[in-house]
Amino acid sequence: MVFRKLPGVSASGMGLRLSQKFVFLLFLSGLVTLCFGALFFLPDSVRLKRIFLSKTESQPVTVGSENDPSVTNEAKTDKKDAGGEALEDMTLSRSKTESASKDEKVTSSSNQGANTDTSFDYNKFKKCLLKPPLGIEHGKPSDPQTLQRREKVKEMMKFAWDNYKSFAWGKNELRPLTRNGHIGNMFGGLRGASIVDSLDTLYIMGLMDEYNDAKEWVETSLDLNSNGEASLFEVNIRYVGGLLSAYYLTGEEMFKRKVMVLGEKLLPAFNTPTGIPRGVINLGSWGWASAGSSILAEFGTLHLEFVHLSELSNNGIYTEKVMNIRKLLNKIEKPHGLYPNFLSPVSGNWVQHHVSIGGLGDSFYEYLIKSYLMSDKTDEEAKTMYYSALEAIEANLVQKSPGGLTYMAEWRGGILDHKMGHLACFSGGMVVIGADDGAPEKRQHYLDLAAEITHTCHESYSRSATKLGPEAFRFDGGVEATATRLSDRYYILRPEVIESYMYMWRLTHDPKYREWGWEAVEALEQHCRVEAGFSGIRDVYAQTVSHDNMQQSFFLSETLKYLYLLFSDDDLLPLEDWVFNTEAHPLPVVRKSCLQGEGGTHDKTTSE
Ligand code: DMJ
């Protein structure tokens with residue numbers, strides 16, 4: 001039927017008979033039904049489909065057989081975007097006045113049955129710690145040189161913070177060369193990543209004015225009502241981790257309220273057929289947002305934070321979500337005992353056989369041993385998974401170079417790529433914190449392995465002109481611990497090598513780790529410090545550096561915190577009581593029997 005619009009005659013007045021109108025309406029309603037039905041046949045990634053259908057996706061926990069060959073993931077997170085390229089602002093900045101009261105509205109409207117009874121007994125929790133979190137004297141070292149070095153690191157933090165405050169306040173990161181802020185698209189419209197990431201570092205360093213400014217900003221301006229698309233992993237490790245540790249260290253209830261609102265907003269990400277979350281979530285509660293595979297280091301790096309969300313809310317849903325991930329990973333067949341980096345959240349099958357202890361895989365392994373330690377060594381399943389994964393890594397990935405350097409190669413369906421990423425350098429620290437709890441006859445072996453890996457990573461620094469390490473270094477083509485490709489030569493203020501120095505120092509007290517840490521401080525000062533903050537550099541082998549104009553938030557939360565701890569006494573955040581999440585936010589060991597009993601069954605004289 002064709003309608004011709006006649007001049008001066010409205011469409012409604014075209015003189016149609018009743019039967020014609022009826023047929024037309026019938027046709028129209030048929031068309032609408034057809035369009036809606038077609039939504040089901042669109043690919044998952046189409047926005048329209050997510051808007052209408054994402055909440056209705058069912059979630060049986062199955063390990064199917066269907067293959068999902070797509071390995072595309074839209075999130076530009078660290079795990080995929082190892083280039084650390086600055087992602088341009090995609091969202092407009094929001095008004096600072098949207099604040100806590102509005103966040104609380106979100107909680108009630110998006111409540112998915114979560115128990116909001118957050119009557120966590122903070123005083124009891126403090127009594128269940130073995131030692132005061134900040135030590136006797138905030139970990140002040142007795143020898144003057146170490147103290148002086150620690151003061152230097154504190155000065156670096158203040159400098160980085162002051163510049164962020166002057167030029168980028170409320171944005172996610174500082175651009176130190178252009179003296180402005182960067183927002184990017186990793187956090188789905190959330191702002192202030194550098195503030196949330198810095199809270200605990202400022203607090204443990206005793207930078208109290210700065211900490212109070214940060215706290216006030218979180219209270220009045222951290223707007224959780226964003227509805228953009230965020231990396232679940234990045235929001236979890238930086239925002240959830242940062243707020244949790246700020247709460248546990250300070251007892252400020254506001255941090256707990258904020259983190260509970262945020263935690264609840266992450267739950268729709270798990271609405272997939274397997275319960276394995278996708279990498280990108282729409283924070284407006286539309287659920288997951290990306291198509292394609294999920295990444296091991298992303299869905300495997302939620303456990304510590306989610307267990308604490310359950311602790312604080314007295315609601316098991318968060319723990320259930322991460323235990324479901326573990327259940328699937330336990331059940332699925334692993335090639336040579338290894339965990340490939342990509343998994344289909346639809347079928348629950350591996351998508352590719354690429355295994356790496358660096359980017360894409362890294363913090364999954366880290367969270368296994370840390371889950372065990374954080375459970376007060378009761379989570380036997382995590383322990384078993386960690387030591388068997390480590391055994392498979394040793395059998396398949398660990399290599400010795402002709403020059404005697406131990407490194408972790410990457411594995412591509414059985415073929416080794418003799419490359420180690422800067423990200424993989426965290427593994428020295430991981431292996432040493434797990435050394436004590438492995439089989440007794442392996443203890444010395446693990447200590448040696450951790451020391452060897454840390455030594456190799458130090459070599460990657462000392463073989464460069466700047467004494468800073470490249471993003472990835474190789475052990476082939478006649479080189480050892482050196483980047484060959486131009487695209488691997490950058491350093492973006494990453495923490496992993498220093499992180500391993502810190503753990504190695506704590507567990508061995510070999511003074512060389514403090515010396516290596518100091519070398520890094522000097523190199524950072526010489527090559528990364530610019531007039532208005534710290535910046536990454538594009539080529540660690542160039543005598544004259546070119547800056548990338550980005551002060552990453554993990555520089556404040558991790559690199560500077562680990563350096564500060566390296567030059568502090570061991571009683572500042574003692575490892576008996578705290579585990580660090582993968583963004584270096586300290587989370588306390590959960591002592592269930594103490595927390596559920598009278599509390600304070602431990603040495604109360606030492607608790608603050
Ligand atoms: C941090 O955001 C975390 O450590 C993450 O696990 C990996 N990389 C960056 C810093 O390099």
Side-chain angles (χ1 to χ4, degrees), residues 75-87 160 172-173 182 184 186-187 190 193-194 196-198 200-201 230-242 245 279 295-305 341 356-371 420-430 433 457 460-461 468-473 488 490-503 520 524 528 534-537 540 548 550-563 565 579-587:
K76 300 283 190 294
T77 71
D78 196 34
K79 299 298 172 198
K80 294 164 289 304
D81 184 34
E85 289 296 305
L87 296 161
N172 287 327
E173 296 94 5
H182 174 254
M186 271 189 335
F187 308 115
L190 293 176
S194 289
V196 179
D197 251 356
S198 295
D200 50 17
T201 311
S231 156
L232 172 67
F233 163 80
E234 296 290 354
V235 169
N236 178 58
I237 66 169
R238 302 193 202 207
Y239 284 86
V240 176
S245 74
I295 293 173
L296 181 68
E298 296 193 334
F299 66 79
T301 308
L302 302 166
H303 203 100
L304 304 181
E305 296 82 0
N341 290 336
S356 155
I357 192 85
L360 304 172
D362 51 3
S363 39
F364 159 69
Y365 305 98
E366 175 186 351
Y367 271 36
L368 287 179
I369 184 64
K370 288 183 177 176
S371 293
M420 184 163 173
H422 192 288
L423 289 166
C425 285
F426 85 97
S427 58
M430 176 184 78
I433 58 170
C457 292
S460 79
Y461 275 48
L468 292 165
E471 180 67 6
F473 41 92
D488 285 337
Y490 60 89
Y491 171 69
I492 55 167
L493 307 174
R494 285 199 192 281
E496 292 77 16
V497 176
I498 291 165
E499 175 181 349
S500 284
Y501 296 165
M502 191 282 289
Y503 285 115
L524 285 165
C528 299
F534 286 88
S535 167
I537 58 176
V540 295
D548 70 2
M550 184 63 72
Q551 179 176 284
Q552 302 282 352
S553 82
F554 52 68
F555 181 64
L556 307 161
S557 80
E558 294 193 74
T559 313
L560 293 176
K561 186 188 285 129
Y562 285 134
L563 280 169
L565 292 172
V579 295
F580 292 87
N581 88 340
T582 195
E583 189 77 0
H585 295 303
L587 299 172

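Residue numbers start at 1 and run along the sequence shown. Note that ligands are numbered from 1 as they come in the structure, with each ligand's atoms numbered from 1 the same way.
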Across all chains, not counting sequence neighbours, the salt bridge (charged side-chain N to carboxylate O under 4.0 Å, His left out) partners of E366 are K370
For E583, the salt bridge (charged side-chain N to carboxylate O under 4.0 Å, His left out) test, sequence neighbours excluded, returns R238
Next item on the list: Return yes if a side-chain donor-acceptor contact under 3.5 Å exists between H422 and E496, otherwise no.
Entry: yes
Under 4.0 Å from one or more heavy atoms of L423, ligand 1 contributes atoms 7 (C), 8 (N), 11 (O)
Within 4.0 Å of some non-hydrogen atom of E558, the atoms of ligand 1 are 1 (C), 2 (O), 3 (C), 4 (O), 9 (C), 10 (C)
The option among R494, E471, E499 carrying the non-hydrogen atom nearest to atom 11 (O) of ligand 1 is R494
Nearest non-hydrogen contact to atom 10 (C) of ligand 1 from the set E583, Q552, E496 belongs to E496
So for I237 against ligand 1, with non-hydrogen atoms under 4.0 Å, the contacting part is side chain
Should T301 be listed as contacting ligand 1, given a heavy-atom distance under 4.0 Å as the test? no
Check: Is there side-chain contact between C457 and S500, with at least one heavy-atom pair below 4.5 Å?
Finding: no
Requested in this report: Show your working on side-chain contact (heavy atoms from CB on, under 4.5 Å) between F473 and D488 and close with a plain yes or no.
Outcome: CA-CA 7 Å; F473 41 92; D488 285 337; over 6 Å; no
